Amino acid sequence: MLSRVIHARGLARTFRKKKQEVHAVVGVDLDVEAGEIVGFLGPNGAGKTTTLRMLTTLLEPTAGTATVAGCDLVTDPVGVRRRIGYVSQSGSTYPDARAGEEVVDHARLYGMSTAEATERGRKLFADFDLDGLWERQPKTLSGGQRRRLDIVVGLIHVPELVFLDEPTTGLDPQARANLWQHIRDLREERGTTVFLTTHYLDEADALCDRILVIDHGAIVAEGTPDALKSQVGGDVLTVTVAEPRQVAAVARLVEQLPGAEAPQVLDDRVVGRVRHGGTALVELVRGLDRESIAVSGVESRRPSLDDVFLQLTGRSLRDAESRPAVPGAPAAEEVTV
Ligand SMILES: Nc1ncnc2c1ncn2[C@@H]1O[C@H](COP(=O)(O)OP(=O)(O)OP(=O)(O)O)[C@@H](O)[C@H]1O
Ligand SMILES: [Mg+2]
């Protein structure tokens with residue numbers, strides 16, 4: 001039988017400063033089962049970190065209740081802390097300590113012996129490609145190395161539940177793939193539950209059993225990556241106009257295509273769903289030609305999680321991303337006219 005490791009109802013947090021109020025999280029319901037890898041996906045400022053800080057007892061909720069790893073968040077915060085691992089978005093290592101010492105000290109706080117902590121720490125250093133850096137001060141490590149050290153610190157005490165706040169931001173593709181594999185192994189070998197935040201759709205897609213999409217402090221969708229994608233039927237057509245003033249005319253053309261729904265306009269791009277991308281492309285190009293509209297690109301592709309996000313919120317998650325596309329991602333069918 002599955003057991004529930006996170007159960008939260010109506011979790012909310014409002015920040016108040018003088019007369020200003022920020023409703024960072026406005027009532028989140030969450031259930032995570034043991035052994036699940038759950039992704040918390042949302043753009044900058046959506047409320048991911050605030051939710052995580054509440055679930056890890058670092059921030060008191062304004063409203064709501066939660067049990068985490070079997071302990072009540074409010075009445076037994078020590079119990080929660082004892083059972084979880086947490087890698088914060090900003091990291092938590094002391095710049096002047098020694099990397100290896102940081103790891104061992106952290107494990108000892110959780111009752112591990114120095115010998116056991118050193119052995120496991122060395123193994124994690126090897127796994128995360130930090131070999132040779134045991135004696136180094138975190139302030140002398142590169143950004144990506146320091147991020148990997150944060151992750152080692154979060155995992156050293158073998159927690160049953162791990163919270164990772166944007167663990168792969170700043171990691172190179174190999175280090176990202178390495179971390180994904182490590183997370184999968186943890187679940188496989190130890191049944192560890194992982195709750196991670198990300199605004200990388202490919203990460204959520206590749207790694208997570210289930211995705212919760214958060215926007216403006218509330219969960220707006222939830223499901224497996226496939227279930228979420230299948231909410232968006234047909235193909236997705238993206239037209240980039242050459243002249244921004246013609247964007248409305250292009251939106252009208254896209255709307256008239258077979259099976260089209262009201263397209264979204266994002267700066268110089270029109271994004272619309274159509275029943276069949278191939279036929280729609282041909283018809284669209286004819287329309288553009290007829291109305292003498294110049295475009296710099298037309299693309300038809302299968303729906304992605306980004307389209308799910310766009311459909312739910314009217315905004316593109318990619319707007320929040322600064323990272324270039326990952327090599328090896330499915331190629332788009334691109335036609336330039
Ligand atoms: N201590 C604070 N005081 C005031 N406002 C805050 C505080 N912490 C967070 N906020 C606000 O709450 C909102 C949610 O912030 P949060 O850090 O949870 O977002 P996030 O989803 O983690 O974003 P990111 O992807 O940028 O990390 C933002 O509008 C943020 O400015
Ligand atoms: Mg954050």
Side-chain angles (χ1 to χ4, degrees), residues 6 8-30 32 37-64 66 68 73 77 80 84-93 143-144 146-148 150-151 153-154 161-171 176 179 183 194-208 210-222 228 304-306 308-310 312-324 326:
I6 306 178
R9 287 292 172 269
L11 216 53
R13 175 72 201 206
T14 300
F15 292 105
R16 291 192 179 86
K17 221 173 222 175
K18 294 185 182 153
K19 283 189 183 150
Q20 259 208 329
E21 280 196 348
V22 180
H23 300 285
V25 176
V26 294
V28 160
D29 295 346
L30 271 178
V32 176
I37 300 176
V38 175
F40 207 30
L41 182 73
N44 291 144
K48 302 181 296 295
T49 298
T50 306
T51 306
L52 237 63
R53 291 182 64 216
M54 288 193 279
L55 291 172
T56 53
T57 77
L58 297 173
L59 191 67
E60 213 175 304
T62 321
V68 176
L73 206 60
V80 173
I84 63 169
Y86 174 50
V87 176
S88 75
Q89 187 168 4
S90 51
S92 55
T93 49
R146 205 156 43 234
R147 194 66 189 139
R148 283 179 272 142
D150 289 334
I151 293 163
V153 172
L161 166 63
V162 186
F163 292 93
L164 304 166
D165 198 354
E166 300 199 15
T168 59
T169 300
L171 295 189
R176 280 173 73 219
L179 176 65
I183 289 174
V194 181
F195 191 85
L196 65 100
T197 77
T198 183
H199 41 91
Y200 298 147
L201 292 148
D202 57 337
E203 181 156 291
D205 202 359
L207 185 60
C208 300
R210 202 151 56 86
I211 295 173
L212 309 173
V213 182
I214 183 169
D215 194 29
H216 299 302
I219 291 177
V220 293
E222 167 176 1
L228 288 174
S304 69
L305 282 175
D306 190 51
V308 177
F309 194 82
L310 182 63
L312 289 167
T313 67
R315 286 185 296 126
S316 170
L317 244 186
R318 292 215 180 97
D319 296 344
E321 285 190 39
S322 53
R323 209 183 46 184
V326 170

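When a ligand or atom number is given, it counts from 1 through the structure's own listing order. Since the model is a prediction, treat every value here as computed from it, not as a measurement.
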Query raised in the report: Which ligand 1 atoms does T49 reach within 4.0 Å, using its non-hydrogen atoms?
Result: 17 (O), 18 (O), 20 (P), 22 (O), 27 (O)
Query raised in the report: Within 4.0 Å of atom 13 (C) of ligand 1 (strictly less), any protein heavy atom?
Result: yes
Report summary line: of all protein heavy atoms, closest to atom 26 (O) of ligand 1 is N44 ND2, 3.0 Å
Query raised in the report: Which ligand 1 atoms does Q89 reach within 4.0 Å, using its non-hydrogen atoms?
Result: 27 (O)
Query - Under 4.0 Å to a heavy atom of A24 - the qualifying atoms of ligand 1, by number - result: 12 (O), 13 (C), 14 (C)
Requested in this report: Return the orientation label for the F163 and F195 ring planes: parallel under 30°, perpendicular over 60°, tilted otherwise.
Outcome: perpendicular
**Report entry** E166 touching ligand 1 at heavy-atom level, < 4.0 angstrom
**Finding:** yes
Query raised in the report: Tell me, do T93 and R146 make a side-chain contact under 4.5 Å, heavy atoms counted?
Result: yes
Report task. Below 4.0 angstrom from a heavy atom of A46, which ligand 1 atoms are there? Numbered from 1 as shown, please. Result -> 19 (O), 20 (P), 21 (O)
Query - Per-atom contact, atom 31 (O) of ligand 1, protein heavy atoms, under 4.0 angstrom - result: no
**Report entry** Worked verdict on E203 versus L196 for side-chain contact (heavy atoms from CB on, under 4.5 Å)
**Finding:** CA-CA 10 Å; E203 181 156 291; L196 65 100; 4.1 Å; yes
Query raised in the report: Can you list the steps and then say if I183 with L164 is a side-chain contact (heavy atoms from CB on, under 4.5 Å)?
Result: CA-CA 10 Å; I183 289 174; L164 304 166; 3.6 Å; yes
Requested in this report: Using a cut-off of strictly less than 2.8 Å, determine whether Q89 has an N/O/S atom near the Mg ion (ligand 2).
Outcome: yes
Requested in this report: Start with the C-alpha gap between L161 and V32, add the side-chain angles, then the distance that decides, and say whether side-chain contact (heavy atoms from CB on, under 4.5 Å) holds.
Outcome: CA-CA 10 Å; L161 166 63; V32 176; 5.6 Å; no
Report task. State if G47 counts as touching ligand 1 under the rule of any non-hydrogen atom under 4.0 Å. Result -> yes
Query raised in the report: Near E21 CD, under 6.0 Å, is it more than 12 heavy atoms from other residues, nucleotides or ligands?
Result: yes
**Report entry** Ligand-side contact atoms (ligand 1) for residue partner P43, heavy atom cut-off under 4.0 Å
**Finding:** 21 (O), 25 (O)
Query raised in the report: Is the distance from the Mg ion (ligand 2) to the nearest N/O/S atom of T50 under 2.8 Å?
Result: no
Requested in this report: Give the contacting part of V22 toward ligand 1: side chain, backbone, both or neither, where contact means a heavy-atom distance below 4.0 Å.
Outcome: side chain
Report task. For R13 and T51, indicate whether the former's side chain and the latter's backbone hold a donor-acceptor pair under 3.5 Å. Result -> no
Requested in this report: Side-chain contact test, heavy atoms from C-beta onward, threshold under 4.5 Å: evaluate it for F40 versus D165 and give yes or no.
Outcome: no
